[in-house]
Amino acid sequence: MKAVTWRSHRTLEVAEVPAPRIEAPTDVVIRVTATAVCGSDLHLYELLGAFIEPGDILGHEPMGIVTEVGSAVTRLSVGDRVVIPFPIACGACAMCLRGLHTQCETTQNRDHGMGASLFGYTSLYGSVPGGQAEFLRVPLADTTSIRIDGSLPDERYLFLSDIIPTAWQAVEYAAVEPGQTVIVLGLGPVGQLAARIARLRGARVLAIDPVADRRAMAERHGIDVFDRDRLDAVWEATGSRGADAVIDAVGTEASGNPFVKAAQVVTARLPTAIAKPVLEATGVDRLAAVHAAIDLVRRGGTVSLVGVYVGDADVLPLKTMFDKQLTLRMGQCNVQRWIDELMPIVEDPADPLGLDDLITHRGTLEDAPRLYELFQKKEDGCIKVVLYPQPSEAVA
Ligand code: NAD
Ligand code: ZN
Ligand code: ZN
C-alpha cells in the first residue's frame, strides 16, 4: 500500500510499504477514506527527528471503513464506518476510567517515562504506524474507534479524531464561563476551533496570530483578532486587567524568539544519538506564546496549554505565576472522553462549529510532501490539509 513516510528533517516520501494485518485479537484494520495533517505533524517534520526512524508512517487524524476484525473485538464489524482518536487506549484501566485516555496504563510508554501510545508519533509514544496511508491497523479497537452511524460526509466527522476534542478540552480546561473574556493565542486549526467553541459557550474571544489569512478566518466567525506584535492592544481590550482565561494553541514552534529557533534548527540536524538527550533534558521550546499567556491572563485566572511542548528544562516565570495566583492546565487531548458531547454538535445541520470553513487544501497521499511544505510555511492561505488515499472520495 501507499503511505506518507518520514525520511529526514523536512523530507517526506510517499512509499510503497506492506499493508497492515491483524496482530492482536483486539485489533481492527481500516481502509482509510480521509486523513488530515496536524500542527503536531509539523513538530515531527521540523524538530523531533531524533525520535523517528526513516520510513516511519506519519498521521494521527484518519477515518475509514473497517476491513478486518480481530477475534476479541466486540463493538465493530467489517464495513463499519469509523473515525480514529489519536490516543490508543484500553478503556478499562484506572486512567481510562477517569477519562484520562492519554495516560492509559495499558499503552503507557514507561521506557521513556511517557503517557499512552499515539498513532504516528515517534518512539516517545510507541512508534505506532500512522494513518496517512491506504490502510491502518487500529490496536485496542473497541476503545480506539468511534463508530459513525450518521451519514454526513467524511469532512464533518474527520476532526473528531483530534482537533475538535482538543479544542473542546482546551476550553474545558480554561474553565470558561458565559460573559468571560478569553484570549486564544495561535489561529491554526486548533486555535480556530478553540476560539469558536469559547464563543459558542458565551465568552468574549480575543485571538492573536501573526498570519493575516488565519486572522481573517477567525474574524469570519465573530472573533476579535490581533497581530502578534499588538499584545498591548489586546491587554487594553481586557480593560487592562487581563483575560479570565488564556488558551495557548501555539506550542513549541512559536515565532518571536530567534535565538531558540536557531537552537531548534541546529538540534534538528544533529545526529540522533546527540539530539535525543539534548531534546529530552534541555529547554528547547520557543516560549513566546506561553510567556504571553502568563502576561495576558488576569490575576487568579487560568492558562490552558494545548500547544505541544517538548523540553524538560524550560525556564518559566514561577514568581509571576505564583504571585498572580494562576491555574495552569495542559496535556494531550483525551479524545474518547469528549465524543458523546461532541457527536451531536458535529451532526447538527446548523454546523455550529463552522466546520465547512476550515479545510483550505485537499489532495492525495502523493501530494503530502508539497502540502506539508505549504502548511508549514503558511503559504497559499494554507490552514488545514486533508488527504484522500482514493482521490474519488475527495469532497470537491
Ligand atoms: P499550527 O502550526 O497551524 O498553528 C500554530 C499557530 O500559531 C500558527 O497559526 C502560527 O502563526 C501561530 N503562532 C506562532 N507563533 C505565535 C505567537 N508567538 N503568538 C501567537 N500565535 C503564534 O498548528 P495547529 O494544528 O493549530 O496546532 C496548534 C498546536 O496544538 C501545536 O503545537 C500542536 O502540536 C498542538 N496540538 C495539541 C494537541 C493536544 O492534544 N494537546 C492536539 C493537536 C494539536
Ligand atoms: Zn493532531
Ligand atoms: Zn487504559
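Numbering of ligands and ligand atoms starts at 1, following listing order.
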I'd like the name of whichever of Pro87, Ser161, Gly331 reaches closest to atom 41 (N) of ligand 1 through any heavy atom. Gly331
Are any of the heavy atoms in Gln376 under 4.0 Å away from ligand 1? no
The Zn ion (ligand 3) and Cys93: any N/O/S contact shorter than 2.8 Å? yes
Closest non-hydrogen protein atom to atom 39 (C) of ligand 1, residue and atom name please, with distance? Gln332 OE1, 3.5 Å
Within a 6.0 Å radius of atom CD on Glu379, are there more than 12 heavy atoms belonging to other residues, nucleotides or ligands? yes
Within 45 degrees of the ring normal and closer than 6.0 Å to the centroid, is that where the cationic atom of Arg201 sits relative to Trp168? yes
To which protein heavy atom is atom 11 (O) of ligand 1 closest, and what is the distance rounded to 0.1 Å? Asp209 OD1, 2.8 Å
Can you name the one residue among Asp248, Asp285, Asp314, Thr252 that meets side-chain hydrogen bond (donor to acceptor under 3.5 Å, both in side chains) with Tyr309? Asp248
Backbone or side chain, does any N or O of Val250 fall under 3.5 Å from an N or O of ligand 1? yes
Tell me, which protein residue and heavy-atom name are nearest atom 44 (C) of ligand 1, and how many Å apart are they? Ser40 OG, 3.3 Å
Under 4.0 Å, counting heavy atoms only: does Ile208 come that close to any atom of ligand 1? yes
Output yes when the distance from some N or O of ligand 1 to some N or O of Arg214 is under 3.5 Å, and no in every other case. yes
Identity of the nearest option to atom 28 (C) of ligand 1, non-hydrogen atoms only, from Gly39, Ala194, Ala249: Ala249
Listed protein N/O/S atoms, distance to the Zn ion (ligand 2) under 2.8 Å: Cys38 SG, His60 NE2, Glu61 OE2, Asp162 OD2
